[in-house]
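The structure appears below as structure tokens.
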Amino acid sequence: MNKIANVAQKAGLDGFLLLLISMIGLAYLWPYPGMKTSPVPLGEIATYGVSVVFFFYGLRLSPEKLKAGLSNWRLHAMIHFSTFVLFPLIALACRPLFVGHENEMLWLSIFFLTTLPSTVSSAVVMVSIANGNIPAAIFNASISSLMGVFITPLWMGLVLDDASGDFDLIGVVGKLSLQVMLPVALGLLLNKKWGNFAERNKTKIRYFDQSTILLIVYTSFCESFGEHLFSGFEIKDIVLLGIGMLSLFFLIYTVLTFFSRLLHFSREDEITAVFCGSKKSLIQGAVMSKVLFSGAAYAGVMLLPIMLYHALQLIAASVIAQRMARENLKITDSE
């Protein structure tokens, strides 16, 4: 249990998760400061914070990391197919199960989760613990975040256009490019000059990242609680949603394991495929929600599945990574 706790702590599952829950509680008890009618523009502050987050992300993303593992195209294709195609197709297949306005909104939030890119930090941490292909993990997790700027709005445009008919895809991609891609590009350009500084201060940068996400979560849930959008949800609904999110993780994990062995991937590549291809990014979810659902009272509802998936994927992946590490140790000892 201590080993699992240590892995969870490295992945940010301890204090950060508790703070996320606290932000939801604070939004429930005191929603006014985070609403659009508040004199303090917390939502706008969070928007600028997101750009700073991605600037530091680009600053730490050296060209060498991106070049590593480029030749293994089958592994890259599987990871990105899982992240951006398999996940959304599963959600679309489940759509008939969600009948009624409130359930339709819940399905939309789940579909939003499935269109998001993979995580960067926790995916690489899990691959490292399980002794997988670390350069490939860094490459795929990094590229996934950049691809998500364009692919997530495309997927959401299909269902939001169908629901409202007024989804501005070009405008959304433009906003995300300005808010995410431009800071990342600027960070990449300054990597040689300030990259070492960013690496030395990566712990402080991580705290800033987390603070920005906490602010986004707080303001999103303030609007939702202020508009009483959670009045139709009961505790059992949250529990069932959590079970569904965990089931989704293990379904994707099983499919990736099957095809990795069918394609005769090495053990290292299989580990990278199952961890990078089964994860979803809370940071990207918070960023996307700021643009896709800007000013919408239901933004908090949109973040609920990704928050549950974020927590549960880290717990499940921590246990699996530790088991893989033990198996790898046994293989090494036998040799």
Side-chain angles (χ1 to χ4, degrees), residues 76-119 140 143-173 176 229 232-233 237-260 262 273-274 276-282 284-289 291-293 296 298-310 312-313 316:
H76 308 327
M78 177 182 288
I79 290 172
H80 297 306
F81 180 84
S82 171
T83 302
F84 294 114
V85 180
L86 182 58
F87 263 103
L89 289 179
I90 291 173
L92 286 172
C94 295
R95 188 171 190 175
L97 301 176
F98 295 82
V99 181
H101 176 70
E102 289 184 355
N103 288 332
E104 181 70 19
M105 183 66 68
L106 181 60
W107 175 84
L108 184 63
S109 66
I110 294 172
F111 183 73
F112 173 56
L113 154 72
T114 63
T115 66
L116 293 171
S118 177
T119 61
N140 281 287
I143 293 299
S144 179
S145 294
L146 302 180
M147 291 172 64
V149 172
F150 303 99
I151 297 178
T152 298
L154 284 173
W155 271 117
M156 294 306 296
L158 293 177
V159 296
L160 291 176
D161 259 340
D162 182 56
S164 62
D166 59 357
F167 180 73
D168 182 9
L169 176 61
I170 296 177
V172 167
V173 172
L176 285 172
L229 291 185
F233 289 90
D237 298 322
I238 306 300
V239 172
L240 288 174
L241 180 60
I243 293 173
M245 295 299 96
L246 196 59
S247 300
L248 177 61
F249 171 82
F250 279 109
L251 174 61
I252 297 293
Y253 175 86
T254 302
V255 170
L256 289 172
T257 300
F258 173 78
F259 280 102
S260 294
L262 185 67
V274 297
C276 290
S278 62
K279 285 183 163 290
K280 290 292 181 177
S281 173
L282 173 61
Q284 286 279 9
V287 172
M288 296 289 185
S289 69
V291 177
L292 290 169
F293 317 113
Y298 56 81
V301 179
M302 291 297 109
L303 286 176
L304 186 59
I306 181 58
M307 290 180 64
L308 287 173
Y309 193 89
H310 170 78
L312 295 171
Q313 76 179 356

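Hydrogens, waters and symmetry mates are skipped; everything else that's a heavy atom, side chains included, is used.
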- May I have the step-by-step check of side chain to side chain contact (heavy atoms under 4.5 Å, CB included) for Ile143 and His76, ending in yes or no? CA-CA 10 Å; Ile143 293 299; His76 308 327; over 6 Å; no
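- Of the possible donor and acceptor atoms, none in the side chain of Trp155 sits under 3.5 Å from a partner among the backbone N and O of Phe111.
- The two residues Phe84 and Ser144 make their nearest non-hydrogen contact at CZ-O, 3.5 Å.
- Among all heavy-atom pairs drawn from Ala93 and Pro96, the shortest one is O-CD, 3.4 Å.
- The CZ atom of Arg95 sits 12.0 Å away from the CD1 atom of Ile110 when rounded to the nearest 0.5 Å.
- Contact of the Tyr309 side chain with the Leu241 side chain is not registered, since no non-hydrogen atoms from C-beta on lie closer than 4.5 Å.
- When side chains are defined from C-beta on, Ile243 counts as touching Ser247, because their heavy atoms get closer than 4.5 Å.
- At a threshold of 4.5 Å between non-hydrogen side-chain atoms, the residues Ser82 and Val255 do not count as touching.
- Nearest heavy atoms, Gly148 versus Met288: O-CE, 3.0 Å.
- Counting only distance, with no hydrogens or angles, the side chain of Thr83 and the backbone of Ser118 share no donor-acceptor pair below 3.5 Å.
- A donor-acceptor contact shorter than 3.5 Å links the side chain of Thr152 to the backbone of Thr115.
- To the nearest 0.5 Å, atoms CG (Leu248) and CZ (Phe87) are separated by 5.0 Å.
- Atom CE of Met105 and atom CZ of Phe98 lie 13.5 Å apart (nearest 0.5 Å).
- Here CG of Leu146 is found 8.0 Å from CD of Gln284. Values are rounded to the nearest 0.5 Å.
- Between Phe112 and Ser289, the shortest heavy-atom contact is CZ-N, 3.8 Å.
- Between the Gln313 side chain and the Lys280 main chain, a donor and an acceptor come within less than 3.5 Å of each other.
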- Task: Test Leu92 against Trp107 for side chain to side chain contact (heavy atoms under 4.5 Å, CB included), laying out the working first.
- Result: CA-CA 9 Å; Leu92 286 172; Trp107 175 84; 3.9 Å; yes
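- Residue Ser109 holds its OG atom at 6.5 Å from CG of Leu304, rounded to the nearest 0.5 Å.
- With values rounded to the nearest 0.5 angstrom, Thr257 atom OG1 is found 12.5 Å from Leu262 atom CG.
- The side-chain heavy atoms of Leu86 and Ile252, taken from C-beta on, include a pair separated by under 4.5 Å.
- A heavy-atom distance below 4.5 Å is not found between the side chains of Phe250 and Ser278.
- By the neighbour-count criterion of 12 heavy atoms within 6.0 Å, atom CZ of Phe259 is sparsely surrounded, having that number or fewer from other residues, nucleotides or ligands.
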- Query: Going through the distances and angles, do Leu308 and Leu113 end up as a side chain to side chain contact (heavy atoms under 4.5 Å, CB included)?
  - Reply: CA-CA 10 Å; Leu308 287 173; Leu113 154 72; over 6 Å; no
